[in-house]
Amino acid sequence: MDPNTSEATAHQLDLACVQGEAYGRALEHMVQDVAADGGEQVAGHYLVGFAVEEAEGMYVSDGGRLTWREPGDDNLHLEITVRDAADGRFVPAVTVHATLIGPSGEEIGPFEQPLIWHPMLYHYGRNWNVPADGEYTLRVRVEPPRFLRHDEINGRRFTDPVDVEFSGVRVHRGRD
């Protein structure tokens with residue numbers, strides 16, 4: 001990000017970095033202490049990351065009401081994080097699709113990964129049903145957000161889709 005912003009002072013940019021650092025610490029905890037596997041890569045203006053966990057129940061909107069749903073036959077929860085590469089903050093309103101390629105080459109997906117509110121870490125994710133444990137390849141596509149932007153200098157970022165591939169993703173199926 002160009003520090004010659006037209007909208008933010010140096011102090012405000014520092015505050016944005018503090019937000020990104022806090023999100024990064026939560027993400028590090030998720031990957032190191034909670035998830036079975038995880039990682040992150042730079043892709044254009046983004047940092048795209050992932051975490052693999054056991055499938056879990058969650059609330060879904062059902063006719064305007066929240067309804068708790070157990071994972072059913074799903075046996076994996078895949079989380080995708082999308083951060084601003086300049087300051088580490090979470091990037092909202094992107095569209096994320098993920099595909100898993102299994103050990104024998106079978107493709108699962110692509111599936112859209114909707115935004116999930118989590119008490120610790122906003123992320124894009126969903127439960128999946130995968131046929132076997134093992135090492136997978138994960139392909140992630142991030143479509144640019146459609147939000148309005150301040151800043152005539154820095155507001156033109158996040159305009160192109162990005163594709164990221166992670167190899168050797170360890171999958172261990174299970175349910176919370």
Side-chain angles (χ1 to χ4, degrees), residues 1 16-62 66-101 108-130 135-147 149 157-158 160-176:
M1 182 161 40
C17 288
V18 169
Q19 291 177 50
E21 290 165 7
Y23 186 89
R25 285 192 306 277
L27 177 58
E28 184 177 313
H29 168 71
M30 179 74 72
V31 169
Q32 292 181 357
D33 301 330
V34 178
D37 198 4
E40 190 173 50
Q41 295 182 29
V42 174
H45 292 118
Y46 304 100
L47 289 168
V48 178
F50 76 95
V52 176
E53 297 182 357
E54 294 181 348
E56 53 196 25
M58 64 187 79
Y59 281 103
V60 296
S61 181
D62 185 12
L66 290 177
T67 304
W68 182 259
R69 293 231 176 107
E70 293 296 333
D73 292 334
D74 292 336
N75 54 22
L76 179 82
H77 184 72
L78 178 62
E79 301 178 350
I80 305 295
T81 58
V82 181
R83 302 196 296 153
D84 184 331
D87 58 30
R89 291 182 299 163
F90 178 77
V91 178
V94 295
T95 300
V96 176
H97 286 90
T99 303
L100 285 169
I101 298 102
I108 306 164
F111 294 120
E112 184 171 349
Q113 301 282 111
L115 175 65
I116 295 180
W117 177 91
H118 185 280
M120 181 183 70
L121 189 78
Y122 280 116
H123 61 274
Y124 299 92
R126 69 186 297 275
N127 289 329
W128 292 57
N129 187 298
V130 296
E135 287 195 1
Y136 285 67
T137 297
L138 169 62
R139 289 188 187 139
V140 178
R141 181 167 184 86
V142 178
E143 296 288 339
R146 299 191 184 273
F147 50 61
R149 302 142 197 239
R157 296 178 313 127
F158 311 121
D160 297 319
V162 295
D163 294 294
V164 179
E165 184 169 296
F166 299 92
S167 58
V169 175
R170 294 181 314 272
V171 167
H172 178 75
R173 300 168 301 154
R175 290 194 192 103
D176 236 357

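- Between R126 and D74 the shortest side-chain heavy-atom distance does not fall below 4.5 Å.
- Looking at heavy atoms from C-beta onward, H77 lies in side-chain contact with I116 at the 4.5 angstrom threshold.
- The side-chain heavy atoms of V48 and Q41, taken from C-beta on, include no pair separated by under 4.5 Å.
- Within a 6.0 Å sphere centred on CG of D73, other residues, nucleotides and ligands contribute 12 heavy atoms or fewer.
- Using a distance-only test at 3.5 Å, with no hydrogens or angles considered, a donor-acceptor pair links the side chain of N75 to the main chain of V130.
- When all heavy atoms are compared, the tightest approach of A55 to P71 is CB-CB, 3.7 Å.
- The CZ atom of F147 sits 6.0 Å away from the CZ atom of F158 when rounded to the nearest 0.5 Å.
- Of all heavy-atom pairs between G20 and R83, the closest is O-NH1, 3.6 Å.
- A distance-only check finds a donor-acceptor pair linking the side chain of R149 to the backbone of R157 [under 3.5 Å].
- The nearest pair of heavy atoms linking P145 to V91 is CG-CG1, 4.5 Å.
- Residues W128 and L100 are in side-chain contact: their nearest non-hydrogen atoms beyond the backbone lie under 4.5 Å apart.
- Atom CZ of R173 is separated from atom CG of L76 by 9.5 Å, given to the nearest 0.5 angstrom.
- Here the closest heavy-atom approach between residue Y46 and residue D160 is recorded as CE1-O, 4.0 Å.
- With values rounded to the nearest 0.5 angstrom, D163 atom CG is found 9.5 Å from T99 atom OG1.
- With rounding to the nearest 0.5 Å, the separation of CD1 in I101 from CG in L138 is 7.5 Å.
- Annotation: side chain of R69 is in contact with side chain of D62 (closest heavy-atom distance under 4.5 Å).
- Counting all heavy atoms, side chain and backbone alike, A85 lies closest to L47 at CA-CG, 3.9 Å.
- Exactly one of R141, Q113, E143, R146 qualifies for a side-chain contact (heavy atoms from CB on, under 4.5 Å) with T95. That residue is E143.
- In this structure, F111 places its CZ atom where more than 12 heavy-atom neighbours from other residues, nucleotides or ligands lie under 6.0 Å away.
- Y23 OH to M120 CE: the interatomic distance, rounded to the nearest 0.5 Å, is 9.0 Å.
- Contact annotation: the side chain of V94 approaches that of Y124 to within less than 4.5 Å [non-hydrogen atoms, C-beta and beyond].
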Task: N127 vs M58, side-chain contact (heavy atoms from CB on, under 4.5 Å): CA-CA, chis, key distance, verdict - done: CA-CA 10 Å; N127 289 329; M58 64 187 79; 3.9 Å; yes

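- A distance of 13.0 Å separates CD1 in I80 from CG in L115, rounded to the nearest 0.5 Å.
- With contacts defined as side-chain heavy-atom distances shorter than 4.5 Å, the pair D87/Q19 does not qualify.
- In terms of heavy atoms, A51 sits closest to M30 at CB-CG, 4.3 Å.
- The shortest distance between side-chain heavy atoms of L121 and F90 does not fall below 4.5 Å.
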